Amino acid sequence: EAFDVMVVGSCMTDLVSQAPRLPKAGETIHGHKFFIGFGGKGANQCIQAARLGAKTAMVCKVGKDFFGDNYIRNFKDNGVHTDFVGQTSDAATGAASIIVNNAGENAIVIVAGANMLLGSGELQSALPAVSHAKVLVCQLEISPQTSLRALRMAQENKVKTIFNPAPAIPDLDPDFYRVSDVFCCNESEAELLTGSSVANVEEACRAGQELLKRGCGSVIITLGPQGCVVLKARESSPKHVPTAAVTAVDTTGAGDSFIGALAFYMARDPTMPLEEMARRANEVAGVSVQAVGTQVSYPFKRDLPAELF
Ligand code: RIB
Ligand code: NA
């Protein structure tokens with residue numbers, strides 16, 4: 001049986017401190033809460049798709065350590081297929097040190113560790129499954145060559161691709177645009193990739209047009225409380241998809257919730273207009289920002305209004 005959504009990407013243990021504000025260089029401040037959670041952009045996206053009801057598989061690498069063992073258990077608990085989850089003793093499971101301030105904003109340092117050892121060998125083993133999947137999703141917390149190879153592999157097999165260039169790198173290989181059916185990033189990533197400011201809907205539309213020209217099928221730029229803009233190669237005008245206002249307590253991983261939901265909708269009903277998928281994905285991500293933490297805040301199908309399904 002084919003997978004709806006396969007993710008080739010990262011797993012990180014999130015070490016989260018909540019503090020009134022982000023510290024300055026050289027400064028020590030008191031925080032009020034610390035917790036450990038499951039994170040990493042790839043895994044986050046996969047878990048959100050799974051919680052909405054997609055049949056999912058993760059292709060990733062964790063360490064042969066406590067955090068890695070725990071992570072594999074987390075995938076199983078969420079119904080994610082783990083045959084393509086490798087464990088290595090050559091590096092530690094990826095970790096993310098995260099500070100969240102009172103405004104729900106964050107600063108993150110990731111140490112990718114085992115994620116960087118995911119390579120062509122693992123992709124080859126996953127090829128039979130990838131070639132039959134409905135949607136493949138990649139990001140940039142593993143080696144970019146591995147992501148690009150996975151996207152090419154999917155495209156050659158007519159599998160729909162979503163590429164999330166996060167965290168953004170300035171010298172992104174131009175082939176990434178051509179292998180992306182949907183190229184989905186946030187405002188700061190769009191800024192870095194285009195070199196122009198993306199501070200409002202109008203600027204996002206312009207940046208989206210620039211990214212679209214580089215060869216992707218469609219572009220989505222997420223804008224937090226302002227929703228997102230959607231651009232399609234065969235349509236002239238960008239569309240702004242607004243979203244309902246919510247009170248954000250922790251926006252960490254909201255973009256991943258959006259992408260996981262988008263992947264779910266693309267797999268479930270490929271004929272649904274992309275703007276409608278984006279509208280629904282905005283709603284799913286909007287739920288995640290109203291609770292602290294990354295994956296722990298991602299809604300299940302049962303938590304969401306029936307109109308989203
Ligand atoms: O996008 C959010 C994620 O980025 C966190 O879970 C953290 O692990 C970092 O990779
Ligand atoms: Na959250």
Side-chain angles (χ1 to χ4, degrees), residues 7-18 22 33-51 58 60-63 67-68 70-71 74-75 78 80 92-116 118 137-144 147 162-169 184-190 192 222 224-225 243 246-263 281-300 303-304:
V7 177
V8 176
S10 58
C11 295
M12 308 272 175
T13 304
D14 285 353
L15 307 161
V16 188
S17 298
Q18 285 179 275
L22 309 180
K33 195 183 169 194
F34 172 80
F35 60 93
I36 299 182
F38 295 107
K41 295 180 196 304
N44 291 348
Q45 295 168 13
C46 190
I47 295 282
Q48 182 63 86
R51 289 189 178 182
M58 185 76 196
C60 64
K61 194 163 263 186
V62 296
F67 288 126
N70 258 332
Y71 219 118
N74 177 53
F75 282 132
N78 281 278
V80 174
T93 299
S97 299
I98 305 180
I99 301 165
V100 180
N101 69 13
N102 281 348
E105 297 163 330
N106 60 57
I108 306 181
V109 176
I110 57 172
V111 179
N115 289 294
M116 286 301 168
L118 184 70
V137 192
C138 287
Q139 319 73 24
L140 289 176
E141 286 183 336
I142 59 171
S143 142
S147 290
I162 300 176
F163 177 54
N164 171 222
I169 44 176
C184 182
C185 63
N186 66 19
E187 52 269 74
S188 68
E189 289 146 6
L192 196 119
T222 58
T243 192
V246 294
T247 306
V249 300
D250 184 357
T251 58
T252 312
D256 299 332
S257 170
F258 179 93
I259 289 172
L262 181 71
N282 269 336
E283 244 190 88
V284 174
V287 173
S288 81
V289 305
Q290 297 176 64
V292 166
T294 312
Q295 285 175 30
V296 274
S297 70
Y298 289 2
F300 289 80
D303 307 318
L304 294 162

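As the structure is a prediction and not an experimental result, all values here were calculated from the model. As the structure lists them, so they are numbered: ligands from 1, and atoms in each ligand from 1.
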Regarding Gln290, does it place an N, O or S atom less than 3.0 Å from the Na ion (ligand 2)? no

Looking at ligand 1, is there an atom of it that comes within less than 4.0 Å of some heavy atom belonging to Gly255? no

I'd like to check which ligand 1 atoms, numbered from 1 as shown, lie under 4.0 Å from a non-hydrogen atom of Asp256. 1 (O), 2 (C), 3 (C)

Could you check whether Asn74 and Asn70, counting side-chain N and O atoms only, form a donor-acceptor pair closer than 3.5 Å? no

Return the closest protein heavy atom for atom 7 (C) of ligand 1 as residue, atom name and distance. Asp14 OD1, 3.2 Å

N/O/S from Ala291 sitting under 3.0 Å away from the Na ion (ligand 2): yes

At a 4.0 Å threshold, what atoms of ligand 1 neighbour a non-hydrogen atom of Gly40? 5 (C), 6 (O), 7 (C), 8 (O), 10 (O)

Here the atoms of ligand 1 under 4.0 Å from any heavy atom belonging to Met12 are 8 (O), 10 (O)

Atoms of ligand 1 close to Thr294 [distance to a heavy atom under 4.0 angstrom, numbered from 1]: 6 (O)

Smallest separation among heavy atoms of Ala166 and Glu189, with atom names: CB-OE2, 3.1 Å

Kindly give the heavy-atom pair with the smallest separation between Ala50 and Val80, and that separation in Å. CB-CG2, 3.9 Å

With a cut-off of 3.5 Å and sequence neighbours excluded, list every side-chain donor-acceptor pair involving residues 92-100.
unit_1: Thr93; atom_1: OG1; unit_2: Gly63; atom_2: N; d: 2.9
unit_1: Thr93; atom_1: OG1; unit_2: Asp65; atom_2: OD1; d: 2.6
unit_1: Thr93; atom_1: OG1; unit_2: Asp65; atom_2: OD2; d: 3.4
unit_1: Thr93; atom_1: OG1; unit_2: Gly68; atom_2: N; d: 3.1

Gly39 neighbourhood, listing ligand 1 atoms whose heavy-atom distance to it stays under 4.0 Å: 6 (O), 8 (O)

Determine yes or no for a side-chain-to-main-chain donor-acceptor pair under 3.5 angstrom, with Tyr298 supplying the side chain and Gly253 the backbone. yes

Test of geometry: compute the angle O(Asp250)-the Na ion (ligand 2)-O(Ser288) and round it to 10°. 90°

By number and element, which atoms of ligand 1 are closer than 4.0 Å to a non-hydrogen atom of Ile110? 9 (C), 10 (O)

Between Ala263 and Ile162, which heavy-atom pair has the shortest distance, and what is it? CA-CD1, 3.6 Å

Heavy atoms of Gln139 and Lys41 approach each other most closely as CG-CB, 4.1 Å

Below 3.0 Å, can you find an N, O or S atom of Gly293 next to the Na ion (ligand 2)? yes

Looking at residues at least two apart in the chain, or sitting in another chain, which of them share a ring-ring contact (aromatic ring centres under 6.0 Å, His included) with Phe163? Phe176, Phe183

Distance under 4.0 Å to a non-hydrogen atom of Ala96: what atoms of ligand 1 satisfy this? 7 (C), 8 (O)

among protein heavy atoms, the one nearest atom 4 (O) of ligand 1 is Lys41 NZ, 3.2 Å

Within a distance under 4.0 Å of any heavy atom of Glu141, pick out the atoms of ligand 1 and give their elements. 4 (O), 9 (C), 10 (O)

Decide yes or no on side chain to side chain contact (heavy atoms under 4.5 Å, CB included) for Cys60 and Tyr71, but give the supporting numbers first. CA-CA 11 Å; Cys60 64; Tyr71 219 118; over 6 Å; no

Considering only protein heavy atoms, which is closest to atom 3 (C) of ligand 1, and at what distance to one decimal place? Asn44 ND2, 3.7 Å

Looking only at heavy atoms, what is the nearest atom pair of Ala43 and Met58, with distance? N-CE, 3.5 Å

